[in-house]
Undergrad: 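Please see the structure below; I have some questions.
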Amino acid sequence: MPEKSNNITYEIREHIGTISSWDSGWNRELNLISWNGAKPKYDIREWDEEHERMSKGITLHPWEMRNLVDLYLADNSRKAVAEGKAKEAERRARRAEQRRSGDELLVDDVSQSSAENTVLCQTCLDQVNDLNEGGQSQTPFTPEALDETGASEGTPLIEDEGKAEF
């Protein structure tokens, strides 16, 4: 039976980054490490300041690290999409309630709606300019004032650089 050696050698080939640090001087790090002269692998573990002592950790092949990153990014993307859908549903519900009650729509509601961002009407621009100047809007934005394109009747649609279309 071959003899087992308790000597494990390592060489930190690349310090990628510190994940967290403690007052004791130990750091949780992501490194590329060659263990016992083998091909380097990604390694997550805690190290003392001199990199002489280490805790238990996890070593990952490059394809495992790629999978880990992909899983993390996919999870964050799912959460961001769900959050965006929830905010949009909330915005739509608030706008529907405002329409039912006959209240004016807030400038914020108009500017954040992707459907209404495609065509801005002069009434909206006047209202935003009034508010930006610190005053009350003289041109209230109400749902009844809009036709199906999102523009007030008789108000020119803003296209590009000074060109208007009725």
Undergrad: Between Lys85 and Glu88, does a salt bridge (charged side-chain N to carboxylate O under 4.0 Å, His left out) hold up when you go through it step by step?
TA: CA-CA 5 Å; Lys85 285 181 179 180; Glu88 183 62 24; over 6 Å; no
Undergrad: Give every residue pair that meets the ring pair (Phe, Tyr, Trp, His ring centres under 6.0 Å) criterion with at least one member in residues 25-60, sequence neighbours excluded.
TA: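 As it turns out, the ring pair (Phe, Tyr, Trp, His ring centres under 6.0 Å) pairs with a partner in residues 25-60, which skip direct neighbours, are Tyr10-Trp35, Tyr10-Trp47, Trp47-His51.
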Undergrad: For residues Leu32 and Leu60: do they belong to one hydrophobic cluster (side chain heavy atoms under 4.5 Å, members Ile, Leu, Val, Met, Phe, Trp, Tyr)?
TA: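 Leu32 and Leu60: one cluster.
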Undergrad: Are Met54 and Ile44 linked, directly or through intermediate hydrophobic residues, by side-chain heavy-atom contacts shorter than 4.5 Å (ILVMFWY only)?
TA: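 No, it is not one cluster - the side chains of Ile44 and Met54 are not joined through contacts under 4.5 Å.
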Undergrad: How close do Trp22 and Glu46 get, counting heavy atoms only, and between which atoms?
TA: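 Looks like CH2-OE2, 3.6 Å.
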Undergrad: Between atom CD1 of Ile33 and atom CZ of Arg13, what is the distance when rounded to the nearest 0.5 Å?
TA: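 Rounded to the nearest 0.5 Å, the CD1-CZ separation comes to 11.0 Å.
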Undergrad: To the nearest 0.5 Å, what is the distance between CG (Asn31) and CD1 (Ile16)?
TA: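 Reported to 0.5 Å precision, the distance equals 7.0 Å.
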Undergrad: Hey, could you give me the CD/CG distance between Glu11 and Asn36, rounded to the nearest 0.5 Å?
TA: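 One finds 12.0 Å between CD of Glu11 and CG of Asn36.
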Undergrad: Taking it one step at a time, do Arg45 and Thr59 satisfy side-chain contact (heavy atoms from CB on, under 4.5 Å)?
TA: CA-CA 9 Å; Arg45 72 182 64 242; Thr59 300; 3.6 Å; yes
Undergrad: Begin from the C-alpha positions of Lys79 and Glu83 and carry the test salt bridge (charged side-chain N to carboxylate O under 4.0 Å, His left out) through to its verdict.
TA: CA-CA 6 Å; Lys79 288 176 184 173; Glu83 183 180 320; over 6 Å; no
Undergrad: Could you pull out the closest heavy-atom pair between Asn27 and Ser21, with the gap in Å?
TA: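 The answer is OD1-OG, 2.8 Å.
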Undergrad: If you round to the nearest 0.5 Å, how far is CG of Leu73 from CZ of Arg78?
TA: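 Here the rounded value is 10.5 Å.
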Undergrad: Nearest 0.5 Å please: distance from the NZ atom of Lys41 over to the CE atom of Met65.
TA: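 Reported value, rounded in 0.5 Å steps: 14.0 Å.
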Undergrad: Apart from Trp63 itself, which Ile, Leu, Val, Met, Phe, Trp or Tyr residues share its cluster (side-chain heavy atoms under 4.5 Å, direct or through members)?
TA: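 Via sub-4.5 Å side-chain contacts, Trp63 links to none.
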Undergrad: Do Arg100 and Glu97 sit within salt-bridge range, that is, some charged N less than 4.0 Å from a carboxylate O?
TA: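 Between Glu97 and Arg100 there is a salt bridge, with a charged N closer than 4.0 Å to a carboxylate O.
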Undergrad: What is the distance from atom CD of Glu49 to atom OG of Ser24, rounded to the nearest 0.5 Å?
TA: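 With rounding to 0.5 Å, CD (Glu49) is 8.0 Å from OG (Ser24).
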Undergrad: With a 4.0 Å cut-off on N to O distance, would you call Lys87 and Glu90 a salt bridge?
TA: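 Here Lys87 does not pair with Glu90 in a salt bridge, since their nearest N and O are not under 4.0 Å apart.
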